[in-house]
Amino acid sequence: MARFRLSTRASEIIAWFGFLLMAGSFLTLLLTPEPISPRLFVPHHKKAEPFALVVLDPGHGGQDSGAIAGGVLEKDLTLDIAQRVDRLLDAQGIMTLLTRNGDSYVSLGDRAQLINRANNAVVVSIHLNDGLRPNVSGIETYFAAQQATGIPVIASWLPFLQKVANPRPNLESQSLAQFIQQQLVARTQAANRGTKAQQFYVLANVRHPAVLVEGGFLTGKNDIGKLADANYRELLAMGITEGILKYRDTVKASAGNAEEASP
Ligand SMILES: [Zn+2]
């Protein structure tokens with residue numbers, strides 16, 4: 001009898017122990033936060049925008065007129081085209097920033113600094129070409145093959161920063177240049193001079209995807225008449241805007257595919 005009661009007691013203890021263990025696990029489960037996953041911060045119905053801001057950089061300004069042909073100054077037309085793009089992007093609900101709003105001189109260094117202070121941006125510099133031959137004509141868009149990464153030079157000796165501090169091939173800028181060039185030519189029917197890699201200061205020293213459009217030859221007898229016409233500059237602005245939108249949609253679509261493909 002005594003042995004029976006003892007074993008009942010023992011099984012009671014085991015039962016209580018089991019119950020407490022279960023309750024404890026349940027409480028722990030309730031109180032433990034879910035593991036942090038990047039997916040928690042990205043709502044599934046809304047894919048992240050590839051950029052939040054377009055910086056428009058009208059070439060030259062103030063005492064720097066840029067190319068001059070007859071009474072036409074490059075600085076005036078680049079500002080006019082940039083303001084047209086600004087209006088078109090605004091209509092699409094896209095935020096913009098201009099590196100100059102009037103006829104003021106802004107150094108290349110100040111432009112790069114302003115651009116690098118922005119977050120999550122793409123950059124379009126707007127220029128008009130200067131050529132020696134009077135019959136030269138057409139549109140070309142530049143990108144920098146290597147760009148600044150935003151890491152101060154002083155930090156680049158640290159071994160773990162080497163990889164990011166090294167110049168990288170710049171696929172975003174190249175692809176932005178291709179979309180803009182394509183749309184510019186489609187809109188204007190101008191001669192397609194293609195996309196080219198060139199370490200222009202503003203392109204090479206900014207940490208965002210950046211391109212430089214040469215929208216035609218101010219010094220070319222074929223282009224000057226067109227460039228002086230506001231309707232043609234509107235076509236240039238439309239081409240630039242559509243190129244930016246195509247770039248955005250393509251980046252967005254490829255990011256979406258990558259998300260669907262991941263487990
Ligand atoms: Zn220029």
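The figures here come from the full heavy-atom set of this structure, side chains too, leaving out hydrogens, waters and symmetry mates. Just so you know, ligand 1 is whichever comes first in the structure, and atom 1 is the first atom listed for that ligand. The model shown is predicted, which means the values in this text are computed figures rather than measured ones. In what follows, residues are counted from 1 in the order of the sequence shown.
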Does Leu236 share a hydrophobic cluster with Tyr247, counting links as ILVMFWY side-chain heavy atoms below 4.5 Å and allowing steps through other members?
yes
If the test is side chain to side chain contact (heavy atoms under 4.5 Å, CB included), which one of Val213, Leu212, Val124, Ile240 qualifies with Thr141?
Val213
Look at the N, O or S atoms of Glu214, main chain and side chain alike, and state whether any lies under 2.8 Å from the Zn ion (ligand 1).
no
What N/O/S atom of His60 is the closest to the Zn ion (ligand 1)?
NE2
Check His127 and report its N/O/S atom nearest to the Zn ion (ligand 1), by atom name.
ND1
Give the ring-plane orientation class for Tyr142 versus Phe200, where under 30° counts as parallel, over 60° as perpendicular and anything between as tilted.
perpendicular
Answer yes or no: are there more than 12 heavy-atom neighbours, outside Lys246 itself, under 6.0 Å from its atom NZ?
no
Of all N, O or S atoms in Glu74, the one closest to the Zn ion (ligand 1) is OE2
